[in-house]
Amino acid sequence: MRKPIMAGNWKMNKTVEEAILLVSELGMLADEVTDTEVVVCPPFIALDAVIEAGAGSKISFGAQNMYWEEEGAFTGEVSPAMLQDMGCSYVIIGHSERREYFGETDESVSKKLRAALRFDLIPIVCVGEKLEDREKGTTEEVIRKQVETGLSGLDKEQAAGLVVAYEPVWAIGTGKTASDEDAQKVIQFIRQVLTGMYGKDAADRVRILYGGSVKPENISGLMQQPDIDGALVGGASLDAKVFASIVNFQK
Ligand code: 13P
């Protein structure tokens with residue numbers, strides 16, 4: 001059985017003070033949750049304070065990005081060693097906003113992924129097609145390349161421990177969610193590609209999330225799909241009550 005994950009990607013939102021308030025409120029609301037893992041990914045500068053404020057709750061913590069080197073002359077970057085030291089369990093890698101605005105590629109995703117694993121961080125690797133890919137009918141081709149290049153070079157155990165987030169770029173922050181069936185179809189395809197790379201046993205253990213305009217109103221339908229193991233939530237994770245109702249989805 002794959003344990004569901006509901007992860008909040010706060011993106012570039014919240015001051016440290018606001019972040020502390022949000023995690024404290026969420027910690028109380030998520031306290032009853034036993035069968036779903038709850039993860040929050042605040043901005044780097046709020047991580048330390050959020051981890052301290054959320055200690056003792058059911059929440060786990062992640063970063064939104066990292067560099068692949070352990071230390072050195074890389075101005076402005078944050079290393080996996082630093083995240084591990086701070087108490088992070090997860091790190092988002094290859095979010096479409098990083099690919100779009102900061103030049104990330106499947107090759108940098110692959111380097112970051114392997115670096116994260118060296119420091120016992122669980123990568124949440126994002127893949128997803130753009131609107132033009134979907135309109136051209138090349139969704140599967142695009143996703144296959146992202147998965148085969150970005151997630152290459154692991155052993156089966158490492159692969160099985162990954163979290164993948166399928167985030168169709170056209171659904172992020174637009175209010176347009178992929179239909180439950182469309183999301184299931186692509187996520188099933190991702191599992192099929194992973195089966196080709198790492199075998200069925202490993203692929204069946206990978207948790208694959210959907211992301212893109214997830215809200216309390218659409219989470220149940222998504223979670224009824226056999227291959228969808230949770231959600232990576234942007235806007236709706238910035239309000240504790242709203243995110244808690246996603247976490248407490250009813251199947
Ligand atoms: P929204 O939930 O705001 O559409 O963002 C999704 C996302 O990018 C999560 O990483």
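Small disclaimer: the values here were computed from a predicted structure and weren't measured. Values below: all heavy atoms of this structure, side chains included; hydrogens, waters and symmetry mates excluded. Positions are given from 1 along the sequence. All ligand and atom numbering here is 1-based and tracks the order in the structure.
- S213 counts as a contact of ligand 1, since one of its heavy atoms falls under 4.0 Å from the ligand.
- Annotation: atom 9 (C) of ligand 1 to nearest protein heavy atom, E167 OE2, 2.9 Å.
- Polar contact with ligand 1: absent for T174 (N/O pair, distance under 3.5 Å).
- Near G234, meaning under 4.0 Å from one of its heavy atoms, ligand 1 places the atoms 1 (P), 2 (O), 3 (O), 5 (O), 6 (C), 9 (C).
- Checking Q184 against D227 by side-chain atom types alone, a donor-acceptor pair falls below 3.5 Å.
- Each of V147, I143, L194 was compared with F189 under the side chain to side chain contact (heavy atoms under 4.5 Å, CB included) criterion, and only I143 meets it.
- Checked by distance only, ligand 1 and G211 stay at 3.5 Å or farther apart across all their nitrogen or oxygen atoms.
- Applying the ring-ring contact (aromatic ring centres under 6.0 Å, His included) rule to pairs touching residues 37-80 yields Y67-F74, sequence neighbours excluded.
- The shortest separation from a heavy atom of A236 to ligand 1 is not under 4.0 Å, leaving the residue out of contact.
- Shortest contact from atom 3 (O) of ligand 1 to any protein heavy atom: G235 N, 2.8 Å.
- Remark: E70 does not engage R118 in a salt bridge, criterion side-chain N to carboxylate O under 4.0 Å.
- Taking every heavy atom of K11 and a limit of under 4.0 angstrom, the matching atoms of ligand 1 come to 5 (O), 6 (C), 7 (C), 8 (O).
- Residue K112 forms a salt bridge (Lys or Arg N to Asp or Glu O under 4.0 Å) with just one option from E104, E107, E69, and that option is E104.
- Taking a cut-off of under 4.0 Å to the non-hydrogen atoms of N9, the atoms of ligand 1 that pass are 9 (C), 10 (O).
- Between the E25 side chain and the L22 main chain, no donor and acceptor come within less than 3.5 Å of each other.
- Nearest heavy atoms, I92 versus C126: CG2-SG, 3.7 Å.
- Interface atoms of ligand 1 facing G212, defined by a heavy-atom separation under 4.0 Å, are 4 (O), 6 (C).
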